[in-house]
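Inspection log for the structure reproduced underneath, given as structure tokens.
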Amino acid sequence: MLLYHGTDNCSAENIVTLGIDFRKSDCYTDNARGFYLTNDKKFAETRASVMTFLPQKPVVIEMFFDEDAAGRKLNILRFDDITDEWKFFVAFNRVGSEHLDLMNLCFSQKIHNLDYFYDVVVDVPADAGISAVTDRIDRLLDDLDEGRIPMEAARNEILKNIMSINIGDIDINSKQYSFHTKDSLQYLKMMRISDVA
């Protein structure tokens, strides 16, 4: 299966010469810190264009993912639909490990990838409004931790925010593939780098 990573030419060169470095990725992302690709080349091109600043140029790295071989060896989590479980998963990962204990206190669902239990996660990316939602959740958890809000009130507000997470205008068939362990990278093969027009 072909997958695409939108980035700038300098970052692409680093990936080619030095390999994928998880430490350079954001830890407050949908599926936790990792290397993100998509099956939607247009989405990767758009992301590259939005995230690239002059003098760099936007590019797309095309990679082959041996999903069949990976499926026999790796722990892969798939969300094929937008479910409540997916919303909790994204919220837990986006809020981050510093609030994990409080999130676990508030909710019995303990689904996340902050410990990199899943080598690969396949799902639909949350929409651009996710940061505002998780910022509100973060503030509620700070208020709960400081004793400014009771547990039940915090839980209800956090739940309301989690349920508001959505995918926006993204096509449900447009998936993100996130790779979280060194083992998972063995199933990716660099194919080519192309400039974004």
Side-chain angles (χ1 to χ4, degrees), residues 1-65 79 82 86-87 89-99 112-114 116 118-139 142 161 164-182 184-185 187-197:
M1 157 186 300
L2 290 178
L3 297 176
Y4 308 94
H5 178 74
T7 189
D8 62 71
N9 60 309
C10 184
S11 297
E13 184 62 32
N14 284 339
I15 289 169
V16 170
T17 57
L18 303 174
I20 295 165
D21 185 350
F22 292 123
R23 294 171 300 175
K24 292 188 177 182
S25 62
D26 186 355
C27 57
Y28 300 102
T29 50
D30 292 355
N31 304 329
R33 183 187 303 270
F35 184 66
Y36 285 72
L37 297 107
T38 179
N39 63 343
D40 183 343
K41 188 174 183 181
K42 291 283 185 209
F43 183 79
E45 289 172 344
T46 300
R47 179 138 177 91
S49 296
V50 169
M51 300 303 288
T52 299
F53 302 98
L54 292 174
Q56 305 305 322
K57 296 183 303 184
V59 298
V60 170
I61 303 171
E62 184 177 309
M63 297 183 138
F64 177 77
F65 173 44
F79 291 103
I82 305 310
W86 172 78
K87 291 178 181 185
F89 184 79
V90 169
F92 270 61
N93 292 325
R94 283 281 192 151
V95 169
S97 57
E98 63 270 14
H99 286 309
H112 60 80
N113 202 31
L114 297 169
Y116 312 111
Y118 300 105
D119 298 289
V120 178
V121 179
V122 182
D123 66 340
V124 178
D127 73 9
I130 185 72
S131 294
V133 171
T134 53
D135 285 349
R136 287 192 300 271
I137 292 171
D138 189 58
R139 285 192 300 275
D142 285 341
N161 280 280
S164 74
I165 295 171
N166 64 59
I167 64 164
D169 296 332
I170 296 169
D171 179 357
I172 193 91
N173 295 313
S174 179
K175 302 289 186 193
Q176 66 183 358
Y177 289 70
S178 55
F179 295 76
H180 303 277
T181 62
K182 288 189 182 206
S184 69
L185 299 179
Y187 299 91
L188 282 176
K189 179 182 175 188
M190 179 84 61
M191 301 301 285
R192 69 183 56 86
I193 298 173
S194 56
D195 292 338
V196 174

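Residue Ile165 holds its CD1 atom at 7.5 Å from NZ of Lys87, rounded to the nearest 0.5 Å. Atoms OG and CD1, from Ser164 and Ile130 in turn, are 7.5 Å apart once rounded to the nearest 0.5 Å. The distance from atom OH of Tyr28 to atom CG of Asp135, rounded to the nearest 0.5 Å, is 11.0 Å. Atom OH of Tyr4 sits about 8.5 Å away from atom CZ of Arg192, to the nearest 0.5 Å. To the nearest 0.5 angstrom, Leu188 atom CG is 11.5 Å from Met1 atom CE. Rounding to the nearest 0.5 Å places NE2 of His180 at 9.0 Å from OG of Ser25.
Counting heavy atoms from C-beta outward, Phe65 and Val122 have side chains that stay 4.5 Å or more apart. Counting only heavy atoms from C-beta outward, the side chains of Leu2 and Met191 approach each other to under 4.5 Å. Using a 4.5 Å heavy-atom threshold, the side chains of Ile167 and Asp127 count as separate. The closest side-chain heavy-atom distance from Asn113 to Phe89 is below 4.5 Å. The shortest side-chain heavy-atom distance between Leu37 and Phe179 falls under the 4.5 Å cut-off.
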Take Phe22 and Tyr116 through the test ring pair (Phe, Tyr, Trp, His ring centres under 6.0 Å) and record every step on the way to the result. CA-CA 11 Å; Phe22 292 123; Tyr116 312 111; 7.7 Å; no
Intermediate values then yes/no, side-chain contact (heavy atoms from CB on, under 4.5 Å), Ile82 and Val124: CA-CA 8 Å; Ile82 305 310; Val124 178; 4.1 Å; yes
Just do the side-chain contact (heavy atoms from CB on, under 4.5 Å) check on Ile137 and Arg94 with the steps written out, would you? CA-CA 10 Å; Ile137 292 171; Arg94 283 281 192 151; over 6 Å; no
Worked check of side-chain contact (heavy atoms from CB on, under 4.5 Å) between Thr7 and Ile61: CA-CA 8 Å; Thr7 189; Ile61 303 171; 4.1 Å; yes
Under the side-chain contact (heavy atoms from CB on, under 4.5 Å) rule, what do Tyr36 and Thr29 come out as? Steps first, then yes or no, please. CA-CA 10 Å; Tyr36 285 72; Thr29 50; 3.0 Å; yes
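Remark: the backbone N or O of Ile172 is paired with a side-chain donor or acceptor of Lys175 at under 3.5 angstrom. Asn93 contributes a side-chain N or O that, together with a main-chain N or O of Asp30, makes up a donor-acceptor pair within less than 3.5 Å.
Between Gly96 and Leu114, the shortest heavy-atom contact is C-CD1, 3.7 Å. The heavy-atom pair separating Ser174 from Ile170 by the smallest distance is CB-CG2, 4.0 Å. Considering every non-hydrogen atom in both Val133 and Asn161, the closest pair reads CG1-O, 3.3 Å. Minimum heavy-atom separation, Val90 to Ala126: CG1-CB, 4.4 Å. A pairwise comparison of heavy atoms in Met63 and Met190 identifies CE-CE, 3.8 Å as the closest pair. Contact between Arg47 and Gly6 at its shortest, heavy atoms only, is CG-O, 4.4 Å.
A donor-acceptor contact closer than 3.5 angstrom links the side chains of Asn31 and Asp123. Ser11 and Asp8 share a side-chain donor-acceptor pair at under 3.5 Å.
Considering only residues two or more places apart in sequence or on other chains, Tyr118 meets the ring pair (Phe, Tyr, Trp, His ring centres under 6.0 Å) condition with none of them.
By the 6.0 Å contact criterion, CG on Asp21 is enclosed, its count of non-hydrogen atoms from other residues, nucleotides or ligands being greater than 12. Counting non-hydrogen atoms of neighbouring residues, nucleotides and ligands closer than 6.0 angstrom, the CE atom of Met51 reaches no more than 12 such neighbours.
Remark: aromatic rings of Phe35 and His5 are close, center separation under 6.0 Å.
Here Asp40 does not pair with Lys42 in a salt bridge; the nearest charged N to carboxylate O distance is not below 4.0 Å.
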